[in-house]
Engineer: 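Here it is, the structure in full.
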Amino acid sequence: MKQMSHLDDSPSTPGKFKMDKSPYFHRTRWQSSVAKLAFWSLVFVGLIFIFFYRSPSSNPVSSDPSRRSLRTYSWGGPAWEKRVRSSARVRTRHGISVLVTGAAGFVGTHVSAALKRRGDGVLGLDNFNDYYDPSLKRARQALLERSGVFVVEGDINDAALLRKLFEVVPFTHVMHLAAQAGVRYAMENPSSYVHSNIAGFVNLLEVCKSANPQPAIVWASSSSVYGLNTKVPFSEKDRTDQPASLYAATKKAGEEIAHTYNHIYGLSLTGLRFFTVYGPWGRPDMAYFFFTRDILKGKTISIFEGANHGTVARDFTYIDDIVKGCLGALDTAEKSTGSGGKKRGAAQLRVFNLGNTSPVPVTDLVTILERLLKLKAKRNIMKLPRNGDVQFTHANISSAQRELGYKPTTDLQTGLKKFARWYLGYYNGGKKAAS
Ligand SMILES: O=C(O)[C@H]1O[C@H](OP(=O)(O)OP(=O)(O)OC[C@H]2O[C@@H](n3ccc(=O)[nH]c3=O)[C@H](O)[C@@H]2O)[C@H](O)[C@@H](O)[C@@H]1O
């Protein structure tokens with residue numbers, strides 16, 4: 001055995017074997033081992049340094065959206081609680097107190113401002129993730145702060161934070177708009193959709209079902225749940241079991257999850273299927289927004305078309321109309337029936353289309369933008385990629401009209417005019433183009 005281990009240790013040249021016995025050799029070998037160890041340690045440390053320095057995700061917690069909940073947000077303390085309470089304070093006799101998730105988002109900002117304007121109590125919550133330029137979210141936050149809405153920085157996956165908020169304020173309603181949006185991005189980062197639209201939603205519902213009193217919840221579903229449905233206009237009764245993107249699948253899952261929490265815990269739940277919402281303070285990942293940016297920059301834009309040059313169209317819906325639909329849903333939401341996590345009776349469960357009822361081809365959208373910006377777009381017509389997009393959407397809104405008093409009044413031309421005016425103002429006459 002000894003010989004074996006000796007052999008294992010020894011260099012392969014037999015001549016050197018004898019020298020092993022010399023004390024001098026021991027010393028030099030020890031020194032050279034230390035030098036080798038030091039050398040390899042340096043190489044190792046260097047490699048680690050290069051890896052972290054060069055890696056685009058040197059801060060994996062903040063740059064991987066699926067792990068955003070691991071980000072630590074600071075909240076709590078008497079001053080913080082005072083701000084929460086004051087923001088959520090109802091200022092009219094029949095007002096409601098609403099927790100708006102995704103408040104620094106496009107729809108969230110508009111809905112929060114509208115609620116505040118009419119005297120309701122509003123508290124915002126947003127994780128300010130970097131799916132698109134967070135400075136736009138900060139600007140929306142500043143706007144809300146000026147009108148008295150405090151936006152708490154935190155994630156809907158943070159149960160302790162949500163519980164704390166309900167401890168401080170007995171919210172009558174939750175307007176749940178926080179989500180991972182965007183149809184095409186779902187192929188790049190699927191887990192962020194599961195994280196926000198499924199795990200986050202369940203976490204929120206868990207806290208709501210245990211709250212006392214339970215709030216009524218209105219939340220954002222999507223027109224994308226109609227997926228490959230070909231029956232037009234889309235009615236809430238149509239099939240929604242053929243989603244064309246993971247985004248759509250997570251929104252559809254949300255509708256099923258809503259059913260479960262309504263059934264088991266008596267939570268009052270209303271899902272709103274938004275149809276391609278656009279307008280001032282919009283989302284830079286949406287076509288009308290980045291078409292505007294690229295036309296101003298003189299960059300070519302890709303316009304999708306269906307098979308055999310088929311028209312791709314959307315039922316574009318203006319933000320102010322959507323806001324009215326959201327307020328209508330909140331105002332007609334019945335109370336949840338459960339308490340202490342137990343159902344006491346049947347509760348309301350609804351789903352509504354909020355669209356414009358007049359689909360417009362994407363090519364026409366570009367023509368309107370050209371007129372408004374007084375510039376010719378460089379158009380590249382290409383086949384609709386197989387990455388989640390559907391060819392057209394068209395809402396039947398009779399249900400929302402009847403039950404929410406929803407009545408869209410803004411056509412695409414008028415709405416885009418308001419958007420373009422905002423865009424040019426916000427980005428300094430188009431000189432400072434959106435990133
Ligand atoms: O209605 C909805 O539920 C959805 O509306 C939008 O999704 P989408 O309608 O696809 O909106 P855009 O991404 O702005 O696309 C608008 C139209 O432009 C087309 N498009 C998009 C990108 C592009 O480079 N070229 C192009 O022609 C799309 O195919 C689509 O017809 C939102 O991004 C989703 O978050 C939302 O849930």
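Order of appearance sets the numbers: ligands from 1, and atoms from 1 within every ligand. Here the structure is a predicted model, which means the values were calculated and not measured. As a basis for the values below, the full set of heavy atoms in this structure was taken, side chains included, without hydrogen atoms, waters or symmetry mates. Residue indices begin at 1 and follow the sequence shown.
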Engineer: Answer with yes or no whether the side chains of S147 and R117 bring together a donor and an acceptor at under 3.5 Å.
Structural biologist: no
Engineer: Give the residue, atom name and distance (to 0.1 Å) of the protein heavy atom nearest atom 2 (C) of ligand 1.
Structural biologist: S223 OG, 3.2 Å
Engineer: Relative to Y132, does K137 satisfy both conditions: NZ or CZ under 6.0 angstrom from the six-membered ring centre, and within 45 degrees of the ring's axis?
Structural biologist: yes
Engineer: What do you reckon, are the aromatic ring centroids of F419 and F289 less than 6.0 Å apart?
Structural biologist: yes
Engineer: Starting from atom 36 (C) of ligand 1, find the nearest protein heavy-atom neighbour and note its residue, name and distance.
Structural biologist: Y247 OH, 3.7 Å
Engineer: Only one of K116, R138, R83 forms a salt bridge (Lys or Arg N to Asp or Glu O under 4.0 Å) with E145, so which one is it?
Structural biologist: R83
Engineer: Over 60° means perpendicular and under 30° means parallel, so tell me whether F275 and F234 are parallel, tilted or perpendicular.
Structural biologist: tilted
Engineer: Mark up the atoms of ligand 1 that fall under 4.0 Å of a heavy atom belonging to L384, in ascending order.
Structural biologist: 29 (O)
Engineer: Would F304 count as a polar contact of ligand 1, with the cut-off being nitrogen or oxygen pairs under 3.5 Å?
Structural biologist: yes
Engineer: Considering non-hydrogen atoms of the protein only, which is the closest contact for atom 8 (P) of ligand 1, and what is the distance?
Structural biologist: R314 NE, 3.8 Å
Engineer: Is the closest side-chain donor-acceptor distance between R379 and T367 under 3.5 Å?
Structural biologist: yes
Engineer: Run down the list I303, V362, V366 and name the one with the heavy atom closest to atom 17 (C) of ligand 1.
Structural biologist: V362
Engineer: Checking the N or O distance criterion of under 3.5 Å, is ligand 1 in contact with F274?
Structural biologist: yes
Engineer: For the residue pair W80 and F150, categorise the inter-ring angle as parallel (less than 30°), tilted (30 to 60°) or perpendicular (more than 60°).
Structural biologist: perpendicular
Engineer: For H176, run the ring pair (Phe, Tyr, Trp, His ring centres under 6.0 Å) check against F171, F201, Y261 and tell me which one passes.
Structural biologist: F201
Engineer: How far is atom 3 (O) of ligand 1 from its nearest protein heavy atom, and which residue and atom name does that atom have?
Structural biologist: S222 OG, 2.5 Å
Engineer: Non-hydrogen atoms of V225 versus ligand 1: any pair closer than 4.0 Å?
Structural biologist: no
Engineer: How far is atom 10 (O) of ligand 1 from the closest protein heavy atom, and which atom is that?
Structural biologist: D389 OD1, 3.5 Å
Engineer: Indicate whether any N or O donor in one side chain lies under 3.5 Å from an N or O acceptor in the other, for D158 and Y73.
Structural biologist: no
Engineer: What's the shortest distance from atom 13 (O) of ligand 1 to any protein heavy atom, and which residue and atom give it?
Structural biologist: R184 NH2, 2.5 Å
Engineer: Which protein non-hydrogen atom lies closest to atom 24 (O) of ligand 1, naming both residue and atom, and how far is it?
Structural biologist: S302 O, 3.4 Å
Engineer: If you count the atoms of ligand 1 from 1 in the order shown, which ones are under 4.0 Å from a heavy atom of S224?
Structural biologist: 3 (O)
Engineer: Below 4.0 Å from ligand 1: does a non-hydrogen atom of F290 turn up there or not?
Structural biologist: yes
Engineer: With a 4.0 Å heavy-atom cut-off (strictly under), which part of V312 contacts ligand 1: side chain, backbone, both or neither?
Structural biologist: side chain
Engineer: Under 4.0 Å from a heavy atom of F275: give me the atoms of ligand 1 that qualify, with their elements.
Structural biologist: 1 (O)
Engineer: Does R283 come within less than 4.0 Å of ligand 1, judged by its heavy atoms?
Structural biologist: yes
Engineer: In the protein, which heavy atom is nearest to atom 18 (O) of ligand 1, and how far is it?
Structural biologist: A287 CB, 3.6 Å
Engineer: Could you tell me if any non-hydrogen atom of F291 lies under 4.0 Å from any atom of ligand 1?
Structural biologist: yes
Engineer: Please determine, by modelled atom types, if Y427 and R293 share a side-chain donor-acceptor pair under 3.5 angstrom.
Structural biologist: no
Engineer: Are E256 and K252 close enough for a salt bridge, meaning some N to O gap below 4.0 Å?
Structural biologist: yes
Engineer: Taking only heavy atoms of A181 into account, list the atoms of ligand 1 that are under 4.0 Å away from them.
Structural biologist: 35 (O)
Engineer: Parallel under 30°, tilted from 30 to 60°, perpendicular over 60°: which one fits the rings of Y185 and Y131?
Structural biologist: tilted
